[in-house]
Amino acid sequence: MARRWDDVPVAWQYGAVRIVGSVSLAIAATIIGLFGNLMLGAAGLSLAGPGLSWAGPGVTVIEYSDSDDTERAIGIGMGIIALVVWLVLLLSAVPVGLRGDRPTRERRATVWSVVGLSLVLVLGMLIAVLATPPPLY
């Protein structure tokens, strides 16, 4: 016989809603963080390789014509803003999932697993994007 939702204790329902909310926030944060990395990579931002840099060794930006400078600045700005939004959403996923009446072990494990997976994905892609040397045209 299938259990009806009315037969489930209210505390379990409340915990399930918190898990769904936390996982949803973490998924949205991950998508936004990956978009930010994509924008930084498309803007030609790199911390590796030879090339023209702003102040000696450091941040390398591919030199294009002057008409592309505005587009590059917009891409870098969008990437940085997206990574800040990713961090805020990811940090807000933790209290959403862990607050309430005595979070269960399953709820804690789910929240920290999803947050950890988002951290690994976004920071791993950020490292890959910044470690890729820019092409020399």
Val94 meets the side-chain contact (heavy atoms from CB on, under 4.5 Å) criterion, sequence neighbours left out, with Leu98, Trp112, Val115
Could you tabulate the donor-acceptor pairs under 3.5 Å formed by side-chain atoms of residues 79-92, not counting sequence neighbours?
from	atom 1	to	atom 2	distance (Å)
Trp86	NE1	Ser118	OG	3.1
Ser92	OG	Val88	O	3.1
Ser92	OG	Leu89	O	2.9

Residue pair Arg18 / Arg107: nearest heavy atoms and the distance that separates them: CD-NH1, 3.2 Å
List the steps and the verdict of side chain to side chain contact (heavy atoms under 4.5 Å, CB included) for Met125 and Leu34. CA-CA 7 Å; Met125 186 174 169; Leu34 293 175; 3.5 Å; yes
For Glu106, is there any backbone N or O sitting under 3.5 Å from a side-chain donor or acceptor partner on Thr110? yes
If only atom types and distance count, is the side chain of Arg72 paired as donor or acceptor with the main-chain N or O of Ala42 below 3.5 Å? no
Are the side chain of Asn37 and the backbone of Val122 linked by a donor-acceptor contact shorter than 3.5 Å? yes
Apart from Ile27 itself, what residues make up its hydrophobic cluster when side-chain heavy atoms of I, L, V, M, F, W and Y under 4.5 Å apart count as a link, directly or indirectly? Ile19, Val23, Ile31, Val114
I need the minimum non-hydrogen distance between Val111 and Ala93, along with the two atoms involved. CG1-O, 4.2 Å
Following the transitive rule for hydrophobic clusters with a side-chain heavy-atom cut-off under 4.5 Å over Ile, Leu, Val, Met, Phe, Trp and Tyr, establish whether Leu123 and Leu130 coincide in one cluster. yes
On a heavy-atom basis, the closest approach of Ala43 and Ile76 is CB-CG1, 3.6 Å
